[in-house]
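This chain uses plain numbering: 1 for the first residue, then up along the sequence.
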Amino acid sequence: MRRTGTAVGVGLLTASLLAGCGGDAGDGKTRITIGMFGNFGYQQLFEEYEKAHPDVDITDRTASYADHHKNLAAHLATNNGAADVEAIDSGYINQFKATPDRFVELGPELKDRWLDWKWEASLSKDGKQIGYGTDIGGLAICYRRDLLEAAGLPAEREAVSAMWPDWESFMAKGREFQARAPQGTKWFDGGPSLLNAIVGQAPTGYYDREDKIVVGDNEDIRKGWDLVAQGVADGLSAGLLYSTPQWNTGFKQSQFATVICPAWQMAKIKDQAPDTAGKWDLAAVPGGGGNWGGSYLTVPKQGKNTDKAVELAAWLTAPEQQSRVFASNNLLPSTEKALSEQSVGQYQDPFFNNAPVGAVFTAAARALKPQYQGPKAGDVQTELGNAMLRVEQGKQGAEESWNQFVDDVKKLEG
């Protein structure tokens, strides 16, 4: 459940898939392929890099979040088909860093670029670095000021943040909102994304630090499940699955008043509902902070031009480029230098009623104590989302779907 934008062009995508790994482009240039899952904000940077390096031709391919990571695992297992540079989400980084021998080891000379926890999250158990950090997610709530006002609720961001200090309060306000909501509008977009945010705040997530899946015994996850399932039963959810066409339409048609909002979510809202500029605002997330998303650029060893691939990955993730991507795509930097720049920390977004998004998210990034992610945390997260979706669609009751979820994830340890 990460940013999952569309492919950047049919012709370009097709060429990438046919090309597989990079190599000689046939015109004296070195082709470097980069595999991603959504819009990383790199298109302009690719063009700039090619102008500065006329011997390099960059070709990118974009797949859905789940397909990208599944395909990468298959390419690494067969030692064939991986791109020269492969993006990996934070939900999957533990899975891939368990086999560091399949990646080029990235030296420690650039370590001081990143926040300590970001650098450490992609280190293998024997201390090998497999990825340069791109962005981090942070967490807030994006909300529609006009819809809250129409239901008689406060709309100023400080007052909104104060009325939901915890998730129980968030749901209580949702019931109050729903009693007077504009026709066709629900409190939140869908159960899976809301539950994902709640789980991300727990001291222990899907795994313990011995890499054992503990969801069946994790009281925090079960508490979050029960809370969201009750919200669904109370009619607070629009029943939309994140990043589907129906979810996109929900923005345009004002089908929900609040949405979980890591930094990268803001660009999605702008893309899907440009006519709602100024109607959105940003408030603190219930429960006090959290993180959703963030990625890394890795270089599989099977590539033909690993040295040039490492150079490209290092350049794309440098503080200067991270600051520019934040300005263009709201992807929060993971480097200390970029986070300290005034252009980032003091940024206010007019689309979101001039909300101080830079200050909100940079403060959250520095204070974050990341939850430990086990080898298949991304797969467990997908199963949890599917389980809540079954409840929303009326296919199973909350208890039955929870029990199936617990059974399903046990199979991931096999």
Between [atom1] of [X] and [atom2] of [Y], what distance do you get to the nearest 0.5 Å?
X	Y	atom1	atom2	answer
K128	E105	NZ	CD	6.0 Å
L147	T258	CG	OG1	10.0 Å
L332	T362	CG	OG1	7.0 Å
K97	D126	NZ	CG	11.0 Å
Q371	N291	CD	CG	10.0 Å
C142	F256	SG	CZ	10.5 Å

side-chain contact (heavy atoms from CB on, under 4.5 Å) between V310 and V104, intermediate numbers included: CA-CA 8 Å; V310 169; V104 173; 4.0 Å; yes

Can you see which heavy atom on [X] is nearest to which on [Y], and at what distance?
X	Y	result
M388	V232	SD-CG2, 4.3 Å
S237	G190	OG-CA, 3.4 Å
F40	A87	CZ-CB, 3.7 Å
S161	A284	OG-N, 2.9 Å
C261	M266	SG-CG, 4.0 Å
G303	D84	CA-OD1, 3.8 Å

Salt bridge or not for [X] and [Y], using N-O below 4.0 Å?
X	Y	result
E149	R144	no
K223	E168	yes
E120	K111	no

Determine whether a donor-acceptor pair (N or O, by modelled atom type, separation under 3.5 Å) exists between the side chain of [X] and the backbone of [Y].
X	Y	answer
E392	G191	yes
Q321	W315	yes
Q178	W187	yes
S401	A387	yes
Q201	P286	yes
Q302	G81	yes
D211	G374	no
Y132	A318	no
N218	D220	yes
N329	L331	no

Any side-chain heavy atom of [X] sitting closer than 4.5 Å to one from [Y]?
X	Y	value
W225	V215	no
D349	L282	no
L45	V325	yes
E86	H68	yes
M171	Q230	no
F177	L236	no
Y206	L384	yes
L316	I34	yes

Whether W164 and Y143 hold their rings parallel, tilted or perpendicular, with breakpoints at 30° and 60°: perpendicular

Aromatic ring pairing F405/W402, orientation class (parallel under 30°, perpendicular over 60°, tilted between): tilted

What do you reckon, is [atom1] of [X] surrounded by more than 12 foreign heavy atoms closer than 6.0 Å?
X	atom1	answer
E109	CD	yes
E320	CD	yes
E219	CD	no
R209	CZ	no
K270	NZ	yes

Chi angles and distances behind the side-chain contact (heavy atoms from CB on, under 4.5 Å) call for T204, V214: CA-CA 9 Å; T204 299; V214 294; 4.1 Å; yes

Qualifying salt bridge (Lys or Arg N to Asp or Glu O under 4.0 Å) pairs, either residue in residues 44-55, two or more places apart: E48-R324, D55-K308

Summary of salt bridge (Lys or Arg N to Asp or Glu O under 4.0 Å) pairs that have at least one residue in residues 225-236, sequence neighbours excluded: R175-D234, R222-D226

Check whether the side chains of [X] and [Y] place a donor and an acceptor atom closer than 3.5 Å, and report yes or no.
X	Y	result
Q265	W292	no
S328	Q44	no
N196	S193	no
K252	Q272	yes

Qualifying residues under ring-ring contact (aromatic ring centres under 6.0 Å, His included), relative to F103, sequence neighbours excluded: none

Partners passing ring-ring contact (aromatic ring centres under 6.0 Å, His included) against F326 (at least two apart in sequence or in another chain): Y347

Listed partners of A121 passing side chain to side chain contact (heavy atoms under 4.5 Å, CB included), at least two apart: Y296

Any residue meeting side chain to side chain contact (heavy atoms under 4.5 Å, CB included) with P319, in chain and number order, not counting sequence neighbours: R113, T335, K337, A338

Y42-Y49 aromatic ring centre distance below 6.0 Å: no

Derivation and outcome, ring pair (Phe, Tyr, Trp, His ring centres under 6.0 Å), residues Y92 and Y65: CA-CA 10 Å; Y92 281 92; Y65 175 83; 5.6 Å; yes

CA sep, side-chain torsions, deciding dist, call: S334, T134, side-chain contact (heavy atoms from CB on, under 4.5 Å): CA-CA 6 Å; S334 60; T134 59; 5.7 Å; no

Pair N386-D408, side-chain contact (heavy atoms from CB on, under 4.5 Å): steps then yes or no: CA-CA 11 Å; N386 290 339; D408 288 343; over 6 Å; no

